[in-house]
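None of these values were measured; they are calculated from a predicted model.
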Amino acid sequence: MEDAKKLSVFVSYASEDRLHAINVASVLRAAGFNPWFDKDKLLPGVDWKTAIEEAVEDADAVVICVSRDSITKKGYLQEEIAKALAVAKEQPTGSVYLIPARLEPCDLPDEMEGVQWVDLFEPEGMPRLVEGLKAKASAIDVQVVPEPSDDPLVGQYLATGNNGDGTMYEGQVIISPHDDDYLVTWYVAGQRFVAHGLKRSILTVEGDFNFTYLIDEAGQLEGEWDEGAVERLGKLRLDG
């Protein structure tokens, strides 16, 4: 039996934002989409520029990861934006195709003025992105069936915590598979922090922040990163 078609989503990013683009692709894959991410799709020896241009043309939607660094950098991301804008002009009026995804508070490129964006650094950002892509899938009669990772640790989490001085914070954490371990990224207070994780009976992460998380039977995580500073992670449902 032929596999059901999935919505094809091209994920565009600048090299500085590669780790964050990995998160986007990981969440979209688990949500039931088919993200085109060059790390996964480009084979050795192919003409990468031609392959990427064809992928943009063939995609059902394009998500462009935007950060302060990427909007000021001249490079192939700008060409991908130009290509996506050209294809967007051929889409039916009101159709979801080009989605700017801000990784942190920043201006959008002038070329994307008037295009509604989504803030992935906000807790509701990823769910909004998923909902927008579901609307596109529905419009072209493509079914979306979540496919969570076989690894229960991988996914998106609501992060709630308190600092050592007693102040509270809330944000999101995304845990993605990365090489032989995990990529752990916090999006809190408009900032991004990255670490790499290694799981045994606990999850130990090292990077911008160092954490040791205990994992309970329900898959929730709790860790302490400084004296009196505790963080709890509750996994978010993809079909909620």
Side-chain angles (χ1 to χ4, degrees), residues 9-28 31 35 37 61-82 84-85 88 96-136 155-176 178 183-196 205 207-211 225-226 229 231-234 236:
V9 183
F10 184 91
V11 179
S12 177
Y13 64 96
S15 57
E16 296 87 344
D17 298 322
R18 177 176 172 273
L19 293 180
H20 302 284
I22 289 175
N23 285 334
V24 174
S26 176
V27 171
L28 295 184
F37 184 68
V62 174
V63 173
I64 297 181
C65 298
V66 181
S67 67
R68 297 186 191 101
D69 289 336
S70 69
I71 61 176
T72 59
K73 176 185 177 183
K74 292 183 178 179
Y76 199 69
L77 176 67
Q78 309 306 323
E79 295 184 38
E80 291 181 4
I81 291 174
L85 286 167
V96 174
Y97 173 74
L98 176 62
I99 304 177
R102 299 199 309 172
L103 300 175
E104 60 190 349
C106 62
D107 295 327
L108 291 178
D110 293 340
E111 300 90 334
M112 289 193 283
E113 184 178 355
V115 181
Q116 183 59 49
W117 69 90
V118 62
D119 289 337
L120 297 188
F121 55 88
E122 298 289 353
E124 69 275 11
M126 283 291 188
R128 286 194 64 203
L129 175 60
V130 169
E131 286 304 309
L133 293 172
K134 283 183 177 179
K136 177 57 181 280
Q156 182 185 8
Y157 295 79
L158 174 65
T160 55
N162 59 270
N163 297 302
D165 61 5
T167 57
M168 306 295 292
Y169 66 87
E170 183 175 290
Q172 67 168 319
V173 169
I174 296 175
I175 300 179
S176 303
H178 185 240
L183 171 66
V184 183
T185 311
W186 293 265
Y187 297 86
V188 179
Q191 300 184 69
R192 300 173 287 162
F193 307 98
V194 177
H196 292 275
V205 298
D208 291 341
F209 280 103
N210 297 330
F211 265 97
W225 56 272
D226 200 358
E231 180 174 274
R232 290 158 292 278
L233 304 183
L236 300 175

So, for [X] and [Y], which heavy atoms are closest and what is the spacing to 0.1 Å?
X	Y	answer
Ala229	Gly164	CB-N, 3.7 Å
Ser70	Ala14	CB-CB, 3.7 Å
Asn210	Trp225	O-CB, 3.6 Å
Gly161	Arg232	CA-NH2, 4.0 Å

What distance separates [X] [atom1] from [Y] [atom2], expressed to the nearest 0.5 Å?
X	Y	atom1	atom2	answer
Ser176	Leu183	OG	CG	5.5 Å
Asp17	Ile22	CG	CD1	11.5 Å
Thr185	Ile175	OG1	CD1	9.5 Å
Leu103	Ser67	CG	OG	6.0 Å
Glu124	Leu158	CD	CG	10.5 Å
Asp208	His196	CG	NE2	9.5 Å

**Greater than 12 external heavy atoms within 6.0 Å of Asp110's CG** = no

**Request:** May I ask you to check whether over 12 heavy atoms, not counting those of Arg128, lie within 6.0 Å of atom CZ?
**Result:** no

Side-chain contact, heavy-atom cut-off 4.5 Å: [X] with [Y]?
X	Y	value
Val24	Tyr13	no
Ile174	Ser26	no
Ile99	Met112	no
Val62	Tyr97	yes
Leu108	Trp117	yes
Val194	His20	yes
Met126	Leu236	no

**Asked** side-chain hydrogen bond (donor to acceptor under 3.5 Å, both in side chains) with Tyr157: which residues, sequence neighbours excluded?
**Response** none

**Request:** Tell me, please, which residues at least two apart from Asn163 pass side-chain hydrogen bond (donor to acceptor under 3.5 Å, both in side chains).
**Result:** Thr167

**Message:** Against Val63, only a single residue in Leu120, Val9, Leu98 fulfils side chain to side chain contact (heavy atoms under 4.5 Å, CB included); can you say which?
**Reply:** Val9

**Prompt:** Under the 3.5 angstrom rule, does the side chain of Gln172 hit a backbone N or O of Glu122 as a donor-acceptor pair?
**Reply:** yes

**Request:** State whether Glu131 and Lys134 are salt-bridged, where the test is any N-O pair (Lys NZ or Arg NE/NH1/NH2 against Asp/Glu carboxylate O) under 4.0 Å.
**Result:** yes

**Prompt:** Does the separation of the ring centres of Trp186 and Tyr169 fall below 6.0 angstrom?
**Reply:** no

**Pairs touching residues 97-107 that satisfy salt bridge (Lys or Arg N to Asp or Glu O under 4.0 Å), sequence neighbours left out** = Arg68-Glu104, Arg102-Asp119, Glu104-Arg192

